[in-house]
Each structure stands twice: as C-alpha cells, then as structure tokens.
Amino acid sequence: MEIVETVAQARAITRAWRAQGQSVGLTPTMGYLHAGHASLIRRAKEENDQVVVSVFVNPTQFGPNEDLDKYPRDFARDVDLCSSLGVGLIFHPQPEAIYPPGYATYVEAPALSVNLCGRSRPTHFRGVLTVVLKLFLILEPRRAYFGLKDAQQFFILKRMVEDLCLDLVMVPCPTVREPDGLALSSRNAYLSETERRVAPLIHQALVRAEAMARAGVTQVAEIKSAMAEILERQAPLIAKDYIEFVETEGLTVVEELTRDTLVAVAAYVGKTRLIDNFLWKGLDNK
Ligand code: PAF
C-alpha cells in the first residue's frame with residue numbers, strides 16, 4: 001500500500017493503474033475510519049482492481065463555529081485499517097496541497113443546498129462539492145463510494161457528476177449501525193456516556209416514521225410530530241435541528257409521503273450534531 005501527500009504523486013499512481021487497464025474505486029473520507037467506512041472500502045475492493053482511500057479533513061466544508069480543529073484524527077489507525085482491507089493507495093494531502101495560496105474556485109449547487117443540513121450549514125455543501133470534484137479530477141476513479149447516512153451529500157454529489165458530465169459511477173452504500181441502531185459516525189466519538197445512551201432515539205424516531213408510513217399514514221405533519229415526541233423524551237439532552245421530508249430529485253420539502261422520499265433528522269445530542277435518515281420508496285417496493 002502506498003501513502004502519498006501530493007497531487008502529482010496520487011495522480012501518477014492512479015494514471016499508471018489505468019494505463020495497465022486496472023479500474024480504480026475511490027472512497028473519500030475525512031479519516032477516523034470506522035466500520036461504516038470499512039464497508040465502503042470492502043465494496044470498492046469487490047468491484048474494482050485498485051482501491052484509493054482519501055483521508056482529508058476538508059476545511060472548506062466546516063462553518064466558522066464548527067468542529068474543524070477538534071475533528072477526531074487517528075491517521076496511524078486509519079493506515080492499519082486500510083492496509084488490512086487491501087487498499088492500494090491512501091491519498092493524505094495537507095490542506096495546502098488542495099487549497100494552495102490564491103485558491104479561488106468553488107463548486108456550488110444552491111438549489112439542492114437550501115434544505116436539510118444546508119439550512120444550518122450554509123457553506124457546507126459548497127466545500128463538499130469542491131473537494132470531491134478535486135478528488136475526482138486528481139484520482140479519476142471509475143467508481144466512487146459514499147455512505148447513505150449522508151444522503152443529502154450523496155444526492156448533491158450525484159447531481160454534480162451528472163451536471164458536469166463526469167465519467168464515473170456514484171455508488172450509494174447502506175448506513176452501518178451500532179447494535180442499538182445508532183448510525184456510525186466519526187462524531188459519535190464526542191458523545192459522553194449519557195449522551196451515547198440517548199443518541200439511538202434519533203434512529204428510533206426514524207423507525208417510528210417508517211412504521212407509520214408502512215401503516216399507511218401519508219400526512220407528513222402527523223409523522224413529524226410523532227418523531228419529535230420521541231426526541232423530546234430526552235430534552236434538553238437531545239435538541240432537534242430538523243426533521244424533514246424531501247423528494248429525492250430536487251430535495252424540496254413534501255407535505256405528503258410520495259413514492260421516493262428522504263426522511264431525514266438532524267439533532268444535537270449535547271453539543272454534538274448527529275444526522276440520520278431513511279429512504280421511503282413506497283409500500284410496493286418494500
Ligand atoms: O462524507 C465525508 O466524510 C466528507 O464529506 C467527504 C465526502 C469525504 C468530503 O470531504
């Protein structure tokens with residue numbers, strides 16, 4: 001396994017692989033890898049000749065009062081995990097390699113960035129789109145793997161790939177959960193013992209929503225209030241940021257459950273903001 005920090009090195013290695021006819025799968029990450037990332041890497045390994053993992057805590061996707069400085073990092077552990085999973089290359093750039101002095105170019109998808117996480121994190125998706133486009137241009141993967149815990153991120157990036165005619169396949173991968181339902185996230189490391197105990201309520205609110213949808217409830221307001229009631233059981237330890245139902249094309253808010261709906265929750269557990277969701281595909285697809 002190779003570990004490189006510069007754009008030129010990363011590009012040279014993936015170019016050589018492609019020249020030999022080998023397909024490249026990319027799993028972009030911000031490090032502090034967990035079993036969710038491992039599932040993306042395994043899938044990439046199954047479907048490609050070579051797997052690249054990028055480990056880069058991307059400053060442009062953090063707002064001014066967010067957790068960039070304290071975002072958890074353990075590169076030595078990430079290296080061990082990647083090596084055990086058969087990764088061929090870790091791209092681990094320093095911020096200056098991605099954003100050199102004078103850097104001025106950003107990618108935006110404003111219409112898809114106003115709802116859900118875009119509301120409380122107005123510059124977040126611009127940072128994600130910009131860095132992921134750069135990773136795609138540097139590494140030129142055949143396929144790229146993203147977890148559906150960050151569903152809005154996946155839909156926005158997929159749109160970018162279509163809009164900019166990028167020649168790669170976006171592969172969505174299911175959310176990996178703890179046994180009690182909590183979606184895996186590097187940010188779970190911030191939770192105190194008490195916070196960790198109540199955090200699965202976010203998933204429980206989504207389970208309740210899915211049960212209501214299966215039972216035929218279509219009014220979003222009714223489902224939302226049942227979900228809010230579940231989160232409120234642990235107020236003020238859990239504080240809702242949003243509970244939102246959006247259609248999966250334009251990510252606009254829906255009042256009634258249509259066939260393809262993203263049901264998404266963001267909530268603060270203590271000071272830690274966690275997100276989770278499920279995709280409602282209609283009763284006939286279950
Ligand atoms: O999902 C993440 O970890 C990040 O948003 C990503 C896609 C690696 C871009 O920095």
Side-chain angles (χ1 to χ4, degrees), residues 5 7 10 25-41 43-44 51-63 66-75 77-78 81-82 87 89-99 103 105-109 112-113 116-118 120-139 141 143-161 164 166 168-176 183-190 262 264 266 272-277:
E5 294 199 353
V7 169
L26 170 66
T27 304
T29 81
M30 298 208 300
Y32 212 69
L33 305 180
H34 51 62
H37 297 110
S39 77
L40 306 180
I41 296 170
R43 174 96 185 261
V51 174
V52 182
V53 174
S54 59
V55 175
F56 179 58
V57 182
N58 173 36
T60 62
Q61 69 189 73
F62 289 79
E66 292 182 1
D67 54 345
L68 172 62
D69 292 337
K70 70 175 177 104
Y71 194 82
R73 291 163 170 88
D74 190 343
F75 188 59
R77 214 188 57 184
D78 295 344
L81 180 73
C82 288
V87 168
L89 170 65
I90 298 181
F91 180 40
H92 182 228
Q94 296 304 306
E96 308 75 56
I98 299 296
Y99 303 111
Y103 189 84
T105 306
Y106 292 88
V107 190
E108 287 185 85
L112 301 184
S113 308
L116 307 173
C117 291
S120 54
R121 307 185 74 191
T123 56
H124 173 67
F125 289 111
R126 174 189 199 249
V128 170
L129 285 160
T130 302
V131 78
V132 172
L133 179 60
K134 293 200 66 159
L135 293 169
F136 287 171
L137 294 171
I138 295 163
L139 302 162
R143 298 179 192 83
Y145 296 80
F146 294 89
L148 279 177
K149 180 181 71 68
D150 302 310
Q152 184 177 19
Q153 166 171 283
F154 179 80
F155 288 121
I156 295 183
L157 288 170
K158 191 163 184 299
R159 186 78 244 170
M160 174 184 79
V161 166
L164 300 184
L166 303 180
L168 63 96
V169 181
M170 290 284 294
V171 184
C173 301
T175 301
V176 178
L184 293 194
S185 163
S186 305
R187 290 191 168 95
N188 293 351
Y190 298 146
L262 171 64
T272 304
R273 186 175 173 282
L274 299 179
I275 59 174
D276 201 351
N277 66 77

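Residues take their numbers from the sequence shown, with the count starting at 1. For ligands, and for the atoms within them, numbers begin at 1 and follow the listed sequence. Since the structure is predicted, the reported quantities are computational estimates derived from the model, not experimental observations.
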Report summary line: Residue set satisfying salt bridge (charged side-chain N to carboxylate O under 4.0 Å, His left out) with R273, at least two apart, ordered chain then number -> D241
Query raised in the report: Is there a donor-acceptor pair under 3.5 Å between the side chain of D150 and the backbone N or O of Q153?
Result: no
**Report entry** Q152 side chain vs L112 backbone, donor-acceptor pair below 3.5 Å
**Finding:** yes
Requested in this report: State whether F146 and K158 meet the cation-pi test: NZ (Lys) or CZ (Arg) under 6.0 Å from the six-membered ring centroid, and within 45° of the perpendicular axis.
Outcome: no
Query raised in the report: Judged by modelled atom types alone, do N58 and Y71 share a side-chain donor-acceptor pair under 3.5 Å?
Result: no
**Report entry** Minimal non-hydrogen separation, F62 against R187, with atom names
**Finding:** CE2-NH2, 3.6 Å
Ligand 1 polar-atom proximity to protein (N/O, under 3.5 Å):
unit_1: ligand 1; atom_1: 1 (O); unit_2: Q153; atom_2: NE2; d: 2.8
unit_1: ligand 1; atom_1: 5 (O); unit_2: Q61; atom_2: NE2; d: 2.9
unit_1: ligand 1; atom_1: 5 (O); unit_2: Q153; atom_2: OE1; d: 2.7
unit_1: ligand 1; atom_1: 10 (O); unit_2: Q61; atom_2: OE1; d: 2.6

